[in-house]
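All values below come from the heavy atoms of this structure, side chains included, with hydrogens, waters and symmetry mates left out.
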Amino acid sequence: MELNKKVDQILKELKSGKFNKVILDTEKLLKKYNDKGYLHNICGLAHQRLNNLENSIFYFKKAINLEPQDLGHKNNLANSYIYLNQYEEAENIFKEILKNNSENPPALVNYARLKNILLDFRSSIELYQKALKFIKNDLGIWVNLASVYQNLGEFEKANNIFRNIIKINQKFVPAHISISKTNDYSENPSNLSEMIYLNKNDNLNKKEKSDLEFAIGKAYDDQKNYELSIKYFESANKNRKELVNYDFKSDEKLFKSIKNYFEKIDIRNNKKNKNSKKIIFIVGLPRSGTTLLEQILSSHHQVFGAGELDFLRQIVSRHFIQDNKLLPQKINEIRMSNNNIINNKYFGYLENLNNSSLVKIDKGPQNFIWIGFIKLFFKNAKIIHIKRNPKDTFLSTYKNNFASKDMDWAYEPSEIIKYFNFYYDHMNFWKKVFGDFIYDINYEDIVNNSEPILRNLLNFCELDWDENCLNHHQSKKTMIKTVSAYQARKPIYKTSIDSNKYYLQSLKKYFDQLSYK
């Protein structure tokens with residue numbers, strides 16, 4: 001009985017996010033009850049939440065050995081493999097679970113999520129639909145299913161699901177947010193009044209309130225009511241800022257270390273890379289047009305846009321970084337080796353994706369940090385750097401709600417400026433070191449003079465001209481998971497150029513601190 005009470009308390013700690021305490025308390029119990037698989041599972045979950053993935057795998061495997069019939073332990077192990085990009089291992093576990101119990105909802109849902117990551121969208125949809133046969137009223141699963149349709153560009157199917165969710169529960173914030181992403185409120189007021197009413201609910205937590213205020217601000221922006229939109233954007237950012245904490249110091253420490261290394265090496269002194277696979281890396285500040293550029297290029301018959309991949313960061317971090325500093329000796333060992341494990345691992349991850357196009361695009365938002373490693377380890381890589389008026393980029397960042405923790409700097413104007421300067425410093429350094437290896441292109445030039453700009457760009461990428469690139473909005477080859485999903489599937493429009501002018505009264509003091517560098 002005493003054990004049950006202690007476990008209940010630990011589960012409450014797990015639910016409230018006290019993961020380090022969960023680990024401490026569970027390990028104390030394991031000294032006495034080491035044969036309890038569920039205790040190992042709890043400890044694994046806490047490590048998983050802290051991103052201590054190797055540790056989580058250790059505990060999940062112990063739990064499975066002790067309680068092999070518990071499919072929950074196996075499901076948790078598969079999720080850790082997903083986070084480590086070890087997709088084949090994860091998929092094998094889900095297949096094993098579903099072979100034993102084809103009606104296991106957690107496995108169906110997580111397998112659907114994996115299929116979404118692997119760009120196998122139809123399989124993802126089928127798995128979500130199967131899970132919903134067993135738990136029809138789980139609105140979270142309905143949202144996930146609709147999001148796959150939304151990312152595929154099938155907006156009508158997605159919005160029908162979101163509207164049905166709201167009929168069931170008018171207060172379900174994620175459905176309102178999802179509708180707002182694709183609705184033009186200048187043409188259809190849709191759920192605006194419902195969102196305003198819901199935003200007055202005192203029971204909302206800060207994240208829900210922030211999410212709603214970003215959506216309401218977007219609605220008023222659509223309607224050109226900039227006085228009201230900025231009011232909601234300011235409040236949304238304020239609420240979100242209270243929930244996040246971006247550590248610039250660790251990034252600055254890492255970049256200083258990267259600079260020190262790449263300033264001193266002779267880039268020509270490398271073993272020849274035998275891997276001739278082609279990859280295009282798109283870099284640019286968030287909201288600078290990277291998604292639009294990917295959609296245009298991936299409309300080419302030889303190209304596939306793989307989206308915002310985190311493969312490169314994970315590989316480089318695992319092999320070359322410790323305590324936010326480079327390990328030069330490790331880099332030099334692989335540089336001089338005949339076995340280019342960085343390249344091999346990266347393309348090994350890419351092979352898991354459901355596409356066989358000759359050329360793939362990676363627009364991971366952190367890739368600008370790793371340009372030196374791309375130059376060292378990727379023989380046939382092309383880097384395209386897209387730039388946009390920094391005032392418009394600032395505004396678009398400030399107006400948007402981001403899912404990634406990499407964007408935790410985006411909710412405070414002074415931190416946005418600091419991050420922009422951090423980014424410019426990176427790019428100026430890489431341009432100085434590598435010059436023409438990086439191809440610069442301006443968002444405004446793409447919008448104003450598409451065809452000649454795109455011809456030059458395709459020439460740089462060593463690709464033949466393809467008329468499909470001028471009709472990117474008709475292509476559904478690429479799944480778009482970013483906040484730009486709807487805009488990038490529209491024909492090129494010019495209304496986003498100089499959009500900062502509508503917010504000069506509120507944001508001018510920040511705009512004045514921005515410039516191309």
Side-chain angles (χ1 to χ4, degrees), residues 105 108-109 112-113 115-116 121-205 207-225 228-229 232-233 236 239 291 399-403 473-474 476 478-491:
L108 288 167
V109 169
R113 182 169 64 88
K115 286 295 188 181
N116 188 15
F121 314 130
R122 295 304 165 191
S123 294
S124 178
I125 289 168
E126 288 173 12
L127 287 161
Y128 278 131
Q129 289 174 334
K130 190 171 182 180
L132 286 165
K133 289 179 182 178
F134 310 117
I135 39 177
K136 293 180 180 178
N137 296 324
D138 191 314
L139 300 185
I141 299 176
W142 280 108
V143 165
N144 290 340
L145 172 61
S147 295
V148 179
Y149 283 125
Q150 193 175 62
N151 294 333
L152 273 170
E154 297 181 19
F155 299 116
E156 188 173 347
K157 284 184 181 178
N159 284 334
N160 285 338
I161 294 173
F162 292 135
R163 291 188 187 98
N164 286 335
I165 291 172
I166 290 174
K167 285 179 184 176
I168 296 169
N169 182 356
Q170 287 186 327
K171 297 180 179 180
F172 197 70
V173 172
H176 284 289
I177 305 311
S178 297
I179 289 173
S180 74
K181 291 176 182 176
T182 59
N183 186 61
D184 184 344
Y185 289 88
S186 67
E187 298 174 358
N188 177 11
S190 186
N191 61 330
L192 176 55
S193 60
E194 294 166 270
M195 289 196 297
I196 293 171
Y197 178 78
L198 184 55
N199 191 49
K200 295 175 182 176
N201 188 335
D202 291 335
N203 293 324
L204 291 176
N205 62 42
K207 184 179 184 307
E208 290 173 325
K209 190 168 181 62
S210 173
D211 289 345
L212 273 173
E213 289 172 338
F214 274 116
I216 296 169
K218 187 262 182 189
Y220 282 125
D221 183 82
D222 286 349
Q223 295 176 355
K224 296 182 170 52
N225 188 338
L228 276 178
S229 66
Y232 280 97
F233 288 140
N239 281 316
T291 302
K399 285 162 53 175
N400 274 284
N401 180 13
F402 300 94
H473 57 287
Q474 296 174 359
K476 291 189 177 179
T478 299
M479 185 176 189
I480 304 174
K481 299 183 182 181
T482 69
V483 292
S484 306
Y486 183 59
Q487 296 98 316
R489 295 199 187 276
K490 293 169 69 176

Q: Measure the spacing between CG of L127 and CG of L132 and express it to the nearest 0.5 Å.
A: 11.0 Å
Q. Short question: side chain of S124, backbone of A112 - any donor-acceptor pair under 3.5 Å?
A. yes
Q: Looking only at non-hydrogen atoms, find the nearest pair between L204 and N199 and report the distance.
A: CD1-CA, 3.9 Å
Q) Would a distance-only check, ignoring hydrogens and angles, find a side-chain to backbone donor-acceptor pair under 3.5 Å from K115 to I125? A) no
Q) About how many Å separate CD of E126 and CG of L108, when rounded to the nearest 0.5 Å? A) 12.0 Å
Q: Starting from the C-alpha separation in whole Å, work towards a yes-or-no answer on side-chain contact (heavy atoms from CB on, under 4.5 Å) for F233 and F214.
A: CA-CA 6 Å; F233 288 140; F214 274 116; 4.2 Å; yes
(Q) Please find the pair of heavy atoms, one from S190 and one from Y185, that lie closest to each other, and give the distance. (A) CB-CE2, 4.0 Å
Q: For residues S210 and A236, report the shortest heavy-atom separation together with the two atoms involved.
A: OG-O, 3.0 Å
Q.
I'd like to know if E154 and R122 make a salt bridge, using a cut-off of under 4.0 Å between side-chain N and carboxylate O.
A. yes
**Q.** L192 CG to Y220 OH distance, which is reported to the nearest 0.5 Å
**A.** 5.0 Å
(Q) Rounded to the nearest 0.5 Å, what separates atom CG in N116 from atom CG in N151? (A) 6.5 Å
(Q) Using every non-hydrogen atom in the two residues, find where F162 and Q150 come nearest and quote the distance to one decimal. (A) CE1-NE2, 3.7 Å
Q: Answer yes or no: does atom CG of N188 have more than 12 heavy-atom neighbours from other residues, nucleotides or ligands under 6.0 Å?
A: yes
Q.
For a quick test of reading the model, state the closest non-hydrogen atom pair linking Y149 to K157 and the distance between them.
A. CE2-CD, 3.6 Å
Q: Work out which heavy atom in S186 is nearest to a heavy atom in D222; give both atom names and the distance.
A: CB-O, 3.2 Å
Q. Heavy-atom count around F134 CZ within 6.0 Å, excluding the residue itself: above 12?
A. yes
Donor-acceptor contacts, no H, no angles, side chain residues 164-179, under 3.5 Å, sequence neighbours left out:
residue : atom : partner : partner atom : Å
N164    : ND2  : N160    : O            : 3.2
N169    : OD1  : K171    : N            : 2.9
H176    : ND1  : N191    : ND2          : 3.1
H176    : NE2  : Q170    : O            : 2.8
S178    : OG   : P174    : O            : 3.0

Q. Which distance, rounded to the nearest 0.5 Å, do you find between the CZ of R113 and the OH of Y128?
A. 7.5 Å
Q: Find the distance between CG (N137) and CG (L139) and round it off to the nearest 0.5 Å.
A: 7.5 Å
